[in-house]
Amino acid sequence: MLTIAPLSLLMFTAFAVLAPSRFVAQDAARGNPAELARLERIEDLTEDLANDLLELSIAVRDRNAGAMQRHFAAEMECVPLPCSAEEPASTQKWLMVRKFKAAAGGAAARKGNDYLADWMQLLSVFKSIEDVRFKAKEADFDATEHASARTAFNIIGRNHKGEREWLKGSIRIKAVKNAGHWQWTRSEPLSVESMISKQELFSEVSAPAGISVPLPAYKGGYAWYGAATADLDGDGFLDVVSTTGGRTRLFMSVGGTHFVDRTTSAGLDALNSGLQPLFLDADGDGDLDLFLSAIGPQVLLENRLIPDGKLAFEDISLSAGVARDAIGFSAIAADFTGDGRLDIYVCSYNHYGRVTPNAWAKATNGTPNLLFVAKKEGGFEECAARFKLDDRRWSYAAAAADVNRDGRLDLAVANDFGEKGLFINKGDHFEDEAATRGTTDPGNGMGVAWGDFDNDGHLDLHASNMSSTAGNRILGRIFEKNQGVGPLLKKLAAGNNLLRNRGDGTFEDVTSAIGGFSGGWAWGGGFIDFDNDGWSDFFTPNGFVSGPSMKDT
């Protein structure tokens with residue numbers, strides 16, 4: 001049996017509860033026009049400041065001193081910037097931490113060009129800089145529109161030893177708009193340090209490996225595509241199937257170091273495609289077939305290596321009983337009935353843009369998920385309603401595990417615009433016990449995975465949720481005095497979660513205690529021991545559709 005991690009699908013989720021402040025602000029300030037006007041004014045100014053910080057980000061990335069100088073007032077009040085790099089200290093076998101020192105002294109008047117010199121010294125730790133991001137975490141404005149803000153910055157590049165280094169910090173600033181720029185008039189650094197990787201754990205080799213495919217410009221919509229790996233021809237090397245641009249592509253491994261496009265010879269050019277590819281031996285003949293979750297009828301392609309002796313695929317969706325309509329964003333294969341045959345569970349979303357979620361935190365108007373139960377005589381029967389798995393909560397991804405150790409596979413489901421599901425297998429049906437077991441984890445769920453992060457022998461649960469700097473900032477401002485639904489909405493912007501299994505099949509949220517997992521616009525991902533030390537690490541793909549400017553996301 002071969003299953004893959006839930007696909008990270010790139011789609012246009014509005015996330016309106018977080019990004020456009022007006023939706024939430026109108027609810028929070030209903031009946032108080034003055035308060036609503038105040039909130040909108042402050043957030044408009046904050047967005048203007050945040051956009052200016054992105055201009056500063058580009059200037060810092062390019063080490064453009066002239067462009068950086070425009071953001072600093074001629075006369076500034078500064079607490080010294082920690083810009084003198086110390087020798088890094090090891091924290092584990094491949095990671096080091098570098099501290100930075102500043103000259104002694106409190107806040108004092110300083111020329112803007114002197115402050116710029118501090119920044120240039122801080123940047124001197126890098127031989128090359130790949131990316132820089134300044135973000136406005138908090139901001140407030142007085143009647144004259146002078147800003148007080150807490151900014152965070154991240155600088156990623158390579159130091160003079162060629163090592164990857166990630167410099168991050170936080171600064172409290174005061175700023176005033178002058179000549180089209182927000183100029184800093186005061187700076188107080190709160191933290192500055194960096195992390196250094198002593199070894200290269202991964203390298204990007206898709207182009208030399210032969211699987212780099214140029215994609216057309218994004219033209220809208222709400223779903224993107226994914227990939228899966230399996231040894232399709234039995235030569236001991238993993239092959240790759242991807243669904244990109246509405247087309248299924250097959251890349252066969254040659255000696256484990258290179259791939260050759262065999263899409264046409266395998267007959268995939270003429271067959272239906274989908275979103276997430278999933279390999280499983282659907283007909284029990286010993287080779288791996290290909291299931292594709294899809295928007296519309298689901299797709300099952302039979303691998304004809306056995307009995308024909310040649311790798312080729314044939315569309316058997318109708319005869320196998322899987323050509324059922326769904327907004328199939330992902331699928332997993334597992335033996336839910338315990339009969340030794342793999343069943344298929346499809347997470348179904350909805351037509352975002354044409355259909356609006358009926359709640360931002362507990363939406364229930366998605367399309368029903370599907371459960372294809374394998375039949376003894378071959379093929380599948382759709383049984384989601386009978387097993388009480390036809391959930392309609394805008395489902396995105398699922399993962400199977402025996403949570404209560406009764407010998408039956410249970411099912412965790414990540415849902416957008418709401419709570420997670422944890423369906424416990426009762427034999428002839430499933431029951432959602434997320435609330436009693438502590439796994440509801442409200443959030444915009446995009447991925448879910450099982451793994452044992454603390455090596456105690458019990459499966460823990462990792463959920464990929466969206467996090468938003470703007471969302472946290474806006475919600476914190478709106479619900480500063482009147483909590484109401486504030487904590488719930490803030491949770492929707494908080495990011496990924498790690499739920500620890502207490503050992504009895506119930507879970508506790510240990511996200512804050514273990515570390516931060518914000519992850520940005522997170523999608524799939526989960527557990528992986530990428531440094532082979534026996535402990536599970538986490539991987540979170542993230543990103544969103546962006547325009548040519550960092551402001552256009």
Under 4.5 Å between any side-chain heavy atoms of R164 and E200, yes or no? yes

F237: side chain to side chain contact (heavy atoms under 4.5 Å, CB included) partners, not counting sequence neighbours: D235, S253

Can you confirm whether K93 is buried at NZ, in the sense that more than 12 heavy atoms of other residues, nucleotides or ligands lie under 6.0 Å from that atom? yes

Closest heavy-atom pair, V510 versus F453, reported as atoms and distance to 0.1 Å, is CG2-CZ, 4.2 Å

Under the criterion side-chain contact (heavy atoms from CB on, under 4.5 Å), I'd like the reasoning laid out for M466 against M446: C-alpha separation, chi angles, the key distance, then a yes or no. CA-CA 8 Å; M466 291 184 183; M446 302 293 142; 3.5 Å; yes

Trace of the side chain to side chain donor-acceptor pair (under 3.5 Å) decision for N497 with N465: CA-CA 7 Å; N497 262 22; N465 305 317; 4.7 Å; no

Backbone N or O of L498 within a donor-acceptor pair of the T511 side chain at under 3.5 Å? yes

Backbone N/O of T229 and side chain of D239: donor-acceptor pair under 3.5 Å: no

Would you say N501's side chain and L459's backbone share a donor-acceptor pair under 3.5 angstrom? yes

Check whether any side-chain heavy atom of Q276 sits under 4.5 Å from a side-chain heavy atom of L292, and report yes or no. no

On a heavy-atom basis, the closest approach of N369 and V346 is CB-O, 3.3 Å

What residues, two or more places apart in sequence or in another chain, satisfy side chain to side chain contact (heavy atoms under 4.5 Å, CB included) together with E204? S206

Would the distance check show the side chain of S348 and the main-chain N or O of I327 forming a donor-acceptor pair, the cut-off being under 3.5 Å? yes

Give a yes or no answer on whether the side chain of N159 reaches the backbone of E165 with a donor-acceptor pair at less than 3.5 Å. no

Check side chain to side chain contact (heavy atoms under 4.5 Å, CB included) between R249 and all other residues, then give those that pass, not counting sequence neighbours. V213, S242, T244, R247, F251, T263

With sequence neighbours left out, what residues match F134 under ring-ring contact (aromatic ring centres under 6.0 Å, His included)? W119, F153

So, the side chain of D335 versus the backbone of L342: is there a donor-acceptor pair under 3.5 Å, distance only? no

To the nearest 0.5 Å, what is the distance between CZ on R392 and CG on N358? 9.5 Å

Any donor-acceptor pair under 3.5 Å from S330 side chain to C347 backbone: no

Output for pair (L370 CG, D343 CG), nearest 0.5 Å, gives 13.0 Å

Residue among R393, K388, K426, K420 satisfying salt bridge (Lys or Arg N to Asp or Glu O under 4.0 Å) with D432: R393

Please determine whether the number of non-hydrogen atoms from other residues, nucleotides or ligands lying under 6.0 Å from atom CH2 of W450 exceeds 12. yes

Is it true that a side-chain atom of S536 and a backbone atom of G451 form a donor plus acceptor pair closer than 3.5 Å? no

What do the steps show when you test R98 against E87 for salt bridge (Lys or Arg N to Asp or Glu O under 4.0 Å), and what is the final call? CA-CA 6 Å; R98 188 198 301 274; E87 285 299 311; 5.3 Å; no

For a quick test of reading the model, state the closest non-hydrogen atom pair linking L461 to A412 and the distance between them. CD1-CB, 4.1 Å

Could you tell me whether the side chain of F259 reaches within less than 4.5 Å of the side chain of I211, counting heavy atoms only? yes

Hey, are the side chains of S170 and R150 touching, using non-hydrogen atoms and a 4.5 Å cut-off? yes

Do V97 and I196 touch side chain to side chain, with heavy atoms closer than 4.5 Å? no

Atom of G543, atom of W523 and distance for their closest heavy-atom approach: O-NE1, 2.8 Å

Working for salt bridge (Lys or Arg N to Asp or Glu O under 4.0 Å), residues R133 and D131: CA-CA 7 Å; R133 299 296 166 104; D131 191 37; 3.3 Å; yes

Go through it in stages, so that I can follow the logic: the residues are T540 and N496, the test is side chain to side chain donor-acceptor pair (under 3.5 Å), and I'd like the CA-CA distance, side-chain angles, deciding distance and then a yes or no. CA-CA 9 Å; T540 300; N496 300 343; 3.2 Å; yes

Could you tell me if the side chain of F387 sits less than 4.5 Å from the side chain of F336, heavy atoms only? no

Here the pair of heavy atoms bringing A414 nearest to G445 is CB-C, 4.1 Å

Would K168 and E193 satisfy salt bridge (Lys or Arg N to Asp or Glu O under 4.0 Å), going step by step from the backbone distance to the final call? CA-CA 6 Å; K168 54 184 178 179; E193 67 175 21; 5.2 Å; no

Could you check if a side-chain atom of K198 sits within less than 4.5 angstrom of a side-chain atom of S90, using non-hydrogen atoms only? yes

Determine yes or no for a side-chain-to-main-chain donor-acceptor pair under 3.5 angstrom, with Y345 supplying the side chain and A399 the backbone. no

Is the shortest heavy-atom distance from the side chain of Y396 to the side chain of V413 under 4.5 Å? no

Going through the distances and angles, do L300 and Q298 end up as a side-chain contact (heavy atoms from CB on, under 4.5 Å)? CA-CA 7 Å; L300 180 59; Q298 309 308 291; over 6 Å; no

Say whether, by atom type as modelled, one donor and one acceptor occur between the side chain of D402 and the main chain of L409 under 3.5 angstrom. no

F538: what forms a ring-ring contact (aromatic ring centres under 6.0 Å, His included) with it, not counting sequence neighbours? H462, F517, F527

Which pairs, with at least one residue in residues 494-505 and sequence neighbours excluded, count as a salt bridge (charged side-chain N to carboxylate O under 4.0 Å, His left out)? D454-R500, D456-R500, R500-E508

Heavy atoms of D452 and G457 approach each other most closely as OD2-N, 2.8 Å

CD of E433 to CG of D410: how many Å apart, nearest 0.5 Å? 8.0 Å

Side-chain H-bond candidate by donor/acceptor type, W535 with D529, under 3.5 Å: no

Would you call the rings of F417 and Y349 parallel, tilted or perpendicular if under 30° counts as parallel and over 60° as perpendicular? tilted

Tell me, yes or no, whether the heavy-atom count around K135 atom NZ, taken from other residues, nucleotides or ligands under 6.0 Å, exceeds 12. no

Matching residue for W394 among T364, N365, N350 - test: side chain to side chain donor-acceptor pair (under 3.5 Å): N365

